[in-house]
Amino acid sequence: MIERHGESPDLRSLDVPRVGSLLETGDVWEPYRLLDSAGTVAEPVAVYLKDLQGIGRPATTQRSCGMGMLRWFRFLWAVEAPWEQATRDEARDFSRWIQISDKPKRAGAHAAAAVPNPVTGKAGPGRKYAPATRGHSESVLRGFYDFHRDAGSGPMVNPFPLVRRGTRANAHHNLMNLYRNARSGLYRPRHVQRVPRCIPDEKFNEVFAQLRSHRDRALVAFWVSTGARASELLGANYDDSAFPMANSAEFGLGNIAVVHTAGAGIGEVPPEGGMFWQKYRLWGGSG
């Protein structure tokens, strides 16, 4: 790895323009391409995204990794550092920049305010990069440089190393306790444990009261009882619900099929036993 002993760039005045883009191609063999300011494909990223596809990562994961690498390449273009010659200095300065600086804005865009959602409490996008975004970028870039180091096409030392503790992980582990992840990224931010968000009961009751039929109320009760994510339920369709007939041998065992995150494929989540038919009959069984 090339060591740099010159002065670091002045991050206070560093301008990181919104050059380059992550292009959605519509091609299942290459869903996304990272382009530079001239519209040229960044081949190191293209090869890495193909490797992600080869190990079974879905297009959504490829997109999120592509966005993380786009931020990194924009920073490297701004400091005029080739990606294959990046050192821990560039990784450190990038981690400082993404932590302190405001996100680059589109031309004519107004500064965003992190106003929480009044129902769920989820904060809106603010001017700074969120800790989850910074942590995701660190993980993506460490994997990107690990891949090119093993392939012999990148630096011999990963600019985003793991924390070195000097001793073997879990050397004095208490067998009565669970194992912990003893090694994390050196530049990975610490995440604060958040209270899970949820829709307040009164808001759910308000939505439930606006449903016009017992069938719709039974369906909503059925979906909510599965405990599936909102994104999984919103992506479901008629064919994903397997409602057994009331007089069949499988009555009460109906599941709903959902597409799991991170390429885990399609799986079935069980509702509370017989929820649909129980509620439908309880509320009249018609209309």
Side-chain angles (χ1 to χ4, degrees), residues 1-25 27 29-55 57 59-104 129 132-164 184-189:
M1 182 176 67
I2 298 176
E3 296 292 342
R4 306 185 190 278
H5 301 286
E7 294 184 358
S8 298
D10 185 3
L11 298 181
R12 296 183 182 87
S13 58
L14 179 65
D15 180 26
V16 181
R18 292 177 58 91
V19 296
S21 62
L22 186 68
L23 176 66
E24 185 176 3
T25 65
D27 183 2
W29 295 99
E30 191 178 9
Y32 294 94
R33 294 175 183 167
L34 196 151
L35 309 179
D36 61 15
S37 57
T40 305
V41 177
E43 287 298 332
V45 177
V47 174
Y48 180 61
L49 293 181
K50 291 178 181 178
D51 189 71
L52 290 180
Q53 187 181 55
I55 60 178
R57 299 296 182 267
T60 52
T61 299
Q62 296 175 53
R63 181 187 181 278
S64 65
C65 292
M67 292 301 298
M69 287 183 284
L70 178 61
R71 286 187 288 267
W72 168 244
F73 273 75
R74 283 174 172 171
F75 179 83
L76 291 180
W77 293 331
V79 300
E80 299 180 351
W83 76 270
E84 69 275 12
Q85 297 181 11
T87 67
R88 190 178 296 186
D89 292 343
E90 281 76 27
R92 176 203 61 204
D93 290 340
F94 173 75
S95 301
R96 295 170 60 206
W97 171 79
I98 199 174
Q99 176 182 355
I100 299 174
S101 300
D102 292 343
K103 291 184 287 188
Y129 287 104
T133 301
R134 304 199 307 266
H136 177 263
S137 294
E138 190 275 339
S139 297
V140 168
L141 296 174
R142 179 154 38 86
F144 171 73
Y145 277 100
D146 276 345
F147 168 77
H148 282 286
R149 179 198 60 199
D150 296 341
S153 52
M156 297 179 63
V157 178
N158 195 324
F160 294 88
L162 294 171
V163 176
R164 296 180 179 178
S184 61
L186 179 63
Y187 297 115
R188 186 175 183 84

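Throughout, numbering of the chain's residues begins at 1 and tracks the sequence.
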key: Parallel, tilted or perpendicular, as decided by the 30° and 60° cut-offs, for the rings of Trp83 and Tyr145   = tilted
In Å and rounded to the nearest 0.5 Å, what is the [atom1] to [atom2] distance from [X] to [Y]?
X: Leu11; Y: Ile98; atom1: CG; atom2: CD1; result: 12.5 Å
X: Phe160; Y: Arg88; atom1: CZ; atom2: CZ; result: 11.0 Å
X: Leu23; Y: Leu70; atom1: CG; atom2: CG; result: 11.5 Å

message = According to salt bridge (Lys or Arg N to Asp or Glu O under 4.0 Å), does anything in residues 33-46 pair up with another residue at least two apart or in another chain? List the pairs.
response =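 Listed by first then second residue: Glu30-Arg33.
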query = If you count the non-hydrogen atoms of other residues, nucleotides and ligands that lie under 6.0 Å from CZ in Arg63, is the total more than 12?
reply =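 No - once you tally the heavy atoms of other residues, nucleotides and ligands closer than 6.0 Å, there are 12 at most.
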key: Close aromatic pair by centroid cut-off 6.0 Å: Phe144 and Trp72   = no
4.5 Å side-chain heavy-atom contact, [X] and [Y]:
X: Arg188; Y: Ser139; value: yes
X: Thr40; Y: Leu35; value: no
X: Glu24; Y: Pro31; value: no
X: Arg142; Y: Leu162; value: yes
X: Tyr32; Y: Cys65; value: no
X: Arg57; Y: Ile55; value: yes
X: Tyr129; Y: Arg71; value: yes
X: Thr87; Y: Pro155; value: no

key: Option passing ring-ring contact (aromatic ring centres under 6.0 Å, His included) with Phe94 (candidates Trp77, Phe73, Phe75)   = Phe75
query = Would you say the side-chain atoms of Thr25 pair up with the backbone N or O of Asp27, donor to acceptor, closer than 3.5 Å?
reply =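 Answer holds: yes.
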message = Less than 3.5 Å apart, any donor N or O on the side chain of Arg134 or Ser95 sitting next to an acceptor on the other?
response = no
query = Which residues satisfy the side chain to side chain contact (heavy atoms under 4.5 Å, CB included) test with Ser101, sequence neighbours excluded?
reply =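 Scan of Ser101 (side chain to side chain contact (heavy atoms under 4.5 Å, CB included), adjacent residues dropped) gives Trp97.
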